[in-house]
Chemist: 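Got a structure for you, questions after.
Keep in mind it's a predicted model, so treat the numbers as computed, not measured.
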2 protein chains.
Amino acid sequence: MNIDRLGPPLDQRADLSAQIAASIRDAIIIGALIVDERLPSEAELSLRFDVSRATVREALKRLAAQSLIRTQRGATGGAFVNRISFEAAQAQQITTSTLLLSMNDVSFETACEARYALERACAPLSADRRHLHHLTVMRDEIERQADAGLTDEAFCASDVAFHRALVDGACNPVLSYQLAGAVEAMQPLMNMITFTARSRDAIITLHRTIADAIEAQDGQAASAGLTALEAETQTLARRVFARRSGSPTPL
Amino acid sequence: MNIDRLGPPLDQRADLSAQIAASIRDAIIIGALIVDERLPSEAELSLRFDVSRATVREALKRLAAQSLIRTQRGATGGAFVNRISFEAAQAQQITTSTLLLSMNDVSFETACEARYALERACAPLSADRRHLHHLTVMRDEIERQADAGLTDEAFCASDVAFHRALVDGACNPVLSYQLAGAVEAMQPLMNMITFTARSRDAIITLHRTIADAIEAQDGQAASAGLTALEAETQTLARRVFARRSGSPTPL
DNA sequence: AAAACCCTAATTGTCTGACATTACTTTTTC
DNA sequence: GAAAAAGTAATGTCAGACAATTAGGGTTTT
């Protein structure tokens with residue numbers, strides 16, 4: 001790797017690892033370092049940047065945390081530019097989205113609205129293109145949700161699985177990736193809700209409506225089902241939160 | 001901080017920094033460490049986890065790379081749990097999305113479809129709630145786009161600004177955050193397109209249609225405009241990539 | 001009494017040198 | 001020729017040191 005491809009010289013004697021990480025990150029983003037290319041060894045980078053190996057390592061760990069590089073030990077090892085997979089990107093996005101919601105006092109209403117708006121965007125595509133296994137997953141999850149012995153957490157998890165199958169039915173990996181954050185990040189908020197047998201029934205009925213619409217390739221009906229489900233969820237949440245603020249409730 | 005809040009003991013003598021980072025990350029996610037809480041000092045963490053300070057530092061740098069913590073020097077300094085801001089989350093999401101698209105041979109068609117599907121999801125909300133300044137930005141950007149002296153890059157940048165104003169009009173920060181990745185990550189792909197005066201005119205006309213619909217609070221018309229704009233963009237891209245067909249087109 | 005100054009302690013940031021571990025390559029041995 | 005052994009280069013970890021920064025307390029000065 002050419003030294004010219006590693007950005008401007010480092011001026012300040014502080015935050016060196018951040019500067020070095022930014023330098024390498026930029027090189028990756030602009031394409032000066034291509035996928036699977038091996039970076040210089042830590043020893044060589046420490047010479048190039050004129051810092052200690054410890055500092056270089058801190059910079060590399062920053063990049064590794066963002067899945068930008070991977071490292072391998074051994075004689076032919078080193079740090080390699082990572083091809084960011086949809087899976088890794090999704091995992092990061094879910095973590096970030098979840099923390100964002102939990103730390104910023106985002107109302108249930110706002111998050112829920114965003115989620116269903118985005119899902120409605122997928123519905124027509126999913127109705128068009130869904131494969132058999134998407135329908136199968138949706139049906140299976142509905143089946144599971146009907147089990148009265150399910151805990152609220154398990155019910156929510158199944159709900160997420162149902163909706164992910166709906167989104168994946170659009171057969172657009174970019175869409176699936178973007179939606180993963182919105183859908184999964186809602187789960188902790190949904191877990192705050194106690195689902196009565198009655199509200200579960202309402203949700204399951206709407207899930208059936210949506211699955212039927214997707215199977216019948218009726219995107220408009222699927223969207224309508226999602227709208228109804230959003231309304232149901234919002235009502236449910238309002239009731240739960242109202243009850244909690246009215247009387248001191250144990251967790 | 002209680003040692004019990006830092007996860008299971010570390011077994012393997014490799015990837016220690018990753019394990020420690022995961023341990024602390026989990027503590028933050030489940031809420032055992034709250035925003036602005038100070039982590040134990042590096043020296044104390046190295047005792048708790050029974051590793052060297054260098055290893056602890058590598059773990060902390062991983063967390064810092066994800067904006068999960070910030071550090072401060074000095075007597076009362078240390079590492080503090082960061083409140084993830086929408087801005088920081090957006091920046092990360094844009095970086096990840098951009099790299100994801102450039103590294104994974106995602107077709108222009110797929111990315112474009114995802115983007116416009118998501119934008120259509122925002123259109124009805126934006127039509128309902130947009131404020132004056134959203135409309136102003138949209139109009140201003142359309143004005144700018146009409147300047148024939150604009151480079152293709154500047155035209156694309158203005159296009160992004162227009163669409164972000166449209167999305168922000170929905171007044172839902174979660175939606176804005178999710179969409180930022182989809183819209184901005186497209187920019188490098190859009191930059192591969194040469195915009196003739198004629199194609200610019202077509203785009204600007206559609207932008208006007210959309211802005212008019214948003215101003216008139218007609219969500220359906222705005223959606224229709226977006227659909228037309230998507231078709232126009234796809235046609236444009238197909239033409240450009242077909243002309244370049246000498247070599248198999250990446251992206 | 002208030003302000004300016006200095007000193008100290010705590011903490012992160014960096015450096016150095018060493019050893020352990022890993023995995024590929026080369027050489028040796030059978 | 002195949003298996004075993006040695007060599008080698010890289011990351012992973014450790015220990016100890018010093019520099020830089022910052023808050024707080026104590027002292028002196030005004």
Chemist: Any side-chain N or O of A:T76 below 4.0 angstrom from OP1/OP2 of C:dT25?
Modeler: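 A:T76 to C:dT25 OP1/OP2: no side-chain N or O under 4.0 Å.
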Chemist: Can you sort out which residues in residues 62-72 of chain A have a heavy atom within less than 4.0 Å of DNA chain D? Ascending by number, please.
Modeler: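 Output list: A:T71, A:Q72.
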Chemist: Using a strict threshold of under 4.0 Å (side-chain N to carboxylate O), is an ion pair present between B:E141 and B:R144?
Modeler: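 B:E141 and B:R144: salt-bridged.
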Chemist: Select one nucleotide: of C:dC15, D:dT13, D:dA10, the one nearest the side-chain heavy atoms of A:R38.
Modeler: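 Looking only at heavy atoms from C-beta outward on A:R38, the closest nucleotide is D:dA10.
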Chemist: Looking at five pairs on each end of the helix from C:dA1-D:dT30 to C:dC30-D:dG1, what is the angle between the two axes, given to 10 degrees?
Modeler: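 Angle reported: 10°, given to the nearest ten degrees.
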Chemist: Do B:Q178 and A:Q93 have a side chain donor and acceptor closer than 3.5 Å?
Modeler: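 Checked: B:Q178/A:Q93 side chains pair up, N/O donor to acceptor below 3.5 Å.
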Chemist: Which nucleotide wins on minimum distance to the side chain of A:T55, given the candidates C:dT14, D:dG12, D:dA9?
Modeler: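 In terms of side-chain proximity for A:T55, the closest of C:dT14, D:dG12, D:dA9 is C:dT14.
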Chemist: Measure from the side-chain heavy atoms of A:S52 and tell me the nearest of D:dC14, C:dT16, D:dT13.
Modeler: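 From the listed options, C:dT16 comes nearest.
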Chemist: Taking B:R83 for the side chain and A:M103 for the main chain, is one N or O donor matched with an acceptor at less than 3.5 Å?
Modeler: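 Looks like yes, one N/O pair under 3.5 Å.
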Chemist: Using a strict threshold of under 4.0 Å (side-chain N to carboxylate O), is an ion pair present between A:D15 and B:R70?
Modeler: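 The answer is no: the pair does not qualify as a salt bridge.
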Chemist: Side chain of A:A54, heavy atoms from C-beta onward: which of C:dT16, D:dA23, D:dC14 has the nearest atom to it?
Modeler: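 Out of C:dT16, D:dA23, D:dC14, the nucleotide with an atom closest to A:A54's side chain is C:dT16.
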Chemist: Select one nucleotide: of C:dT12, C:dT14, D:dT11, the one nearest the side-chain heavy atoms of A:S41.
Modeler: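 Nearest nucleotide to the side chain: D:dT11.
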Chemist: Can you find a side-chain donor-acceptor pair between A:E113 and B:N172 that sits under 3.5 Å?
Modeler: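 Distance-only check passes for A:E113 and B:N172.
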Chemist: Evaluate the ring planes of A:F86 and A:Y177, with Trp represented by its six-membered ring, and classify them as parallel (under 30°), tilted (30 to 60°) or perpendicular (over 60°).
Modeler: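 Ring orientation of A:F86 relative to A:Y177: perpendicular.
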Chemist: Would you indicate which nucleotide in D:dC14, C:dT21, C:dA9 comes nearest to any side-chain atom of A:R73?
Modeler: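 Nearest to the side chain of A:R73 among the choices is C:dT21.
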Chemist: Determine which pairs satisfy side-chain hydrogen bond (donor to acceptor under 3.5 Å, both in side chains) with at least one residue from residues 100-109 of chain A, sequence neighbours left out, and list them in order.
Modeler: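 Pairs touching residues 100-109 of chain A that pass the test: A:S107-A:T110.
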Chemist: Does B:R53 get its side chain close enough to the base of C:dG13, under 3.5 Å, for a donor-acceptor pair?
Modeler: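 Yes, a donor-acceptor pair under 3.5 Å.
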Chemist: Decide, yes or no, whether a salt bridge links B:R115 with B:E230 under the criterion of side-chain N to carboxylate O below 4.0 Å.
Modeler: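 Judged by the 4.0 Å cut-off on N to carboxylate O distance, B:R115 and B:E230 do not form a salt bridge.
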